Amino acid sequence: MHTIHSDPSITPDLFPDTLAAACLQQFHATPPLVHCLTNEVVQSFTANVLLALGAFPAMVVEPKEAAQFSAMANGLLINIGTLHRTRAEAMLAAIAAANQTATPWVLDPVAVGGLAYRTEFAHHLLTLKPAAIRGNASEIMALSGMATMGRGVDSVDTSLAALPSARQLAQQVKTVVAVTGEVDYITDGQRDFAVPGGDLLMTRVVGTGCALSAVVAAFCALEGDRLHHVATACRIMSQVGGVVSQQVTGPGSFIPAFLDGLYQLKTIGV
């Protein structure tokens, strides 16, 4: 067991590879169907990431169909990157159906804090009880009420600086929060883990964070300790991204190599 930290100045323990390996094995045994209401920039990449891992992605965006399909899926991703009125309607319909069937859904609050419409919408979504929230430091700080102005989808804060906000948000919403950056921190408000790894190159490719949120949604579909499952999603992406970044020459070669790395992933830490 790891230590429960109530002092915001204390950094969490590393997430054990043994726990991540067990979660990945469970995932491979029961690959989920994931309904992704995500932003239009990253739909193809997100679908390919899920497929490479063995999950089944679907992007159903018509509001009437979104509600019907969400009830059939094992997990739901709500990513507000390219938010507009019709997409918001579909998201609310999908969430309502997911909540009726106890299907876990994940919020990716893209660019919250910088724009009023999406910030107001994201705060409303918090009242609908997401199973997990995945965002960068600026997004998590803004969502928790510690207002900050990011640069669109980019964070101007460190993930460690946002850890107290993540803990507070997790306690308020009764959810798991993953704040991602150079080190990812995952917390349920009482317990938390650190997941290092990844590479700066991952920030030069559009959609790695959004794809991570989809992977979080896929792992939230599993039975068991949700904190462990969300941390495993972060560990998978950081491990594969870190390894692949050392093997390629730039963003263009990263994407196919990253998908291959996810497809070939059998366990964690080796």
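Everything numeric here is computed off the predicted structure, so don't read it as measured data.
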Taking the side chain as everything from C-beta on, heavy atoms only, tell me whether [X] gets closer than 4.5 Å to [Y].
X	Y	answer
F27	L53	yes
F219	I236	yes
C210	F45	no
Q43	C36	no
V176	T187	no
T158	E182	no
I95	I78	yes
L14	P196	yes

Next on the checklist: Regarding D13 and R191, does a basic nitrogen lie under 4.0 Å from an acidic carboxylate oxygen?
Outcome noted: no
Next on the checklist: Assess whether a salt bridge exists between R235 and D17, defined as any Lys/Arg side-chain N lying under 4.0 Å from an Asp/Glu carboxylate O.
Outcome noted: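 D17 and R235: salt-bridged.
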Nearest heavy atoms of [X] and [Y], plus distance in Å:
X	Y	value
A214	T46	CB-CG2, 3.4 Å
S159	V183	OG-O, 2.6 Å
A131	R226	CB-NH1, 3.4 Å
D188	A170	C-CB, 3.5 Å
T232	C23	OG1-CB, 3.2 Å
P12	L163	CD-CD2, 3.6 Å

Using side-chain contact (heavy atoms from CB on, under 4.5 Å) as the criterion, list what pairs up with [X], not counting sequence neighbours.
X	answer
A162	A137, M141, V179
Q171	none
Y117	L83, A88

Checklist entry - Can you tell me how far the CG atom of L19 sits from the NE2 atom of H228, to the nearest 0.5 Å? => result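 NE2 of H228 is found 5.0 Å from CG of L19.
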Quick one: do [X] and [Y] end up in the same hydrophobic cluster if we chain Ile, Leu, Val, Met, Phe, Trp and Tyr together by side-chain heavy atoms under 4.5 Å apart?
X	Y	result
M202	V205	yes
L160	L169	yes
V112	F121	yes

Could you give the side-chain donor-acceptor pairs of residues 55-76 under 3.5 Å, partners two or more places apart or in another chain?
unit_1 : atom_1 : unit_2 : atom_2 : d
E62    : OE2    : K64    : N      : 3.4
S70    : OG     : A94    : O      : 2.8
N74    : OD1    : L33    : N      : 2.7

Next on the checklist: Using only atom types and a distance under 3.5 Å, with no angle test, would you say the side chain of Q239 pairs donor to acceptor with the backbone of I268?
Outcome noted: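 Flag not set: sc Q239 to bb I268 has no pair under 3.5 Å.
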Checklist entry - Distance-only, no hydrogens or angles: does the D184 side chain make a donor-acceptor pair with backbone N or O of G181 under 3.5 Å? => result yes
Checklist entry - For V206, what are the other residues in its hydrophobic cluster, where any two members join if their side-chain heavy atoms are less than 4.5 angstrom apart? => result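 Noted: V206 shares its cluster with V41, V42.
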Show me, pair by pair, the donor-acceptor contacts under 3.5 angstrom made by side chains of residues 122-129, not counting sequence neighbours?
unit_1 : atom_1 : unit_2 : atom_2 : d
H123   : ND1    : T119   : O      : 2.9
H123   : NE2    : L143   : O      : 3.2
T127   : OG1    : H124   : O      : 2.5

Checklist entry - Tell me, which pairs form a side chain to side chain donor-acceptor pair (under 3.5 Å) where one or both residues lie in residues 23-36, sequence neighbours left out? => result Q26-H229
Checklist entry - Please, which pairs that meet side chain to side chain donor-acceptor pair (under 3.5 Å) have at least one residue in residues 93-112, sequence neighbours excluded? => result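 Residue pairs with at least one partner in residues 93-112: N79-D108, N99-W105, T101-T103, D108-R134, D108-S213.
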For a quick test of your reading: what N or O donor-acceptor pairs under 3.5 Å do the side chains of residues 240-260 make, sequence neighbours left out?
unit_1 : atom_1 : unit_2 : atom_2 : d
S245   : OG     : G241   : O      : 2.7
Q246   : NE2    : D199   : OD2    : 3.0
S253   : OG     : T249   : N      : 3.3
S253   : OG     : G250   : N      : 3.4
S253   : OG     : G250   : O      : 3.2

Next on the checklist: Just to verify, what does S238 make a side chain to side chain donor-acceptor pair (under 3.5 Å) with, not counting sequence neighbours?
Outcome noted: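 Not a single residue meets the side chain to side chain donor-acceptor pair (under 3.5 Å) criterion with S238.
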Checklist entry - Can you list the residues that meet the side chain to side chain donor-acceptor pair (under 3.5 Å) rule with R87, with sequence neighbours excluded? => result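 Expected list: E40.
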Checklist entry - Tell me the ring-ring contact (aromatic ring centres under 6.0 Å, His included) pairs involving residues 162-184, sequence neighbours left out? => result none
Item to check | D192/I186 under side-chain contact (heavy atoms from CB on, under 4.5 Å): CA gap, chis, key distance, verdict | outcome: CA-CA 5 Å; D192 33 47; I186 304 92; over 6 Å; no
Next on the checklist: Between Y185 and F193 (judged by ring centroids, cut-off 6.0 Å), do the two rings come close enough to count as a pair?
Outcome noted: no
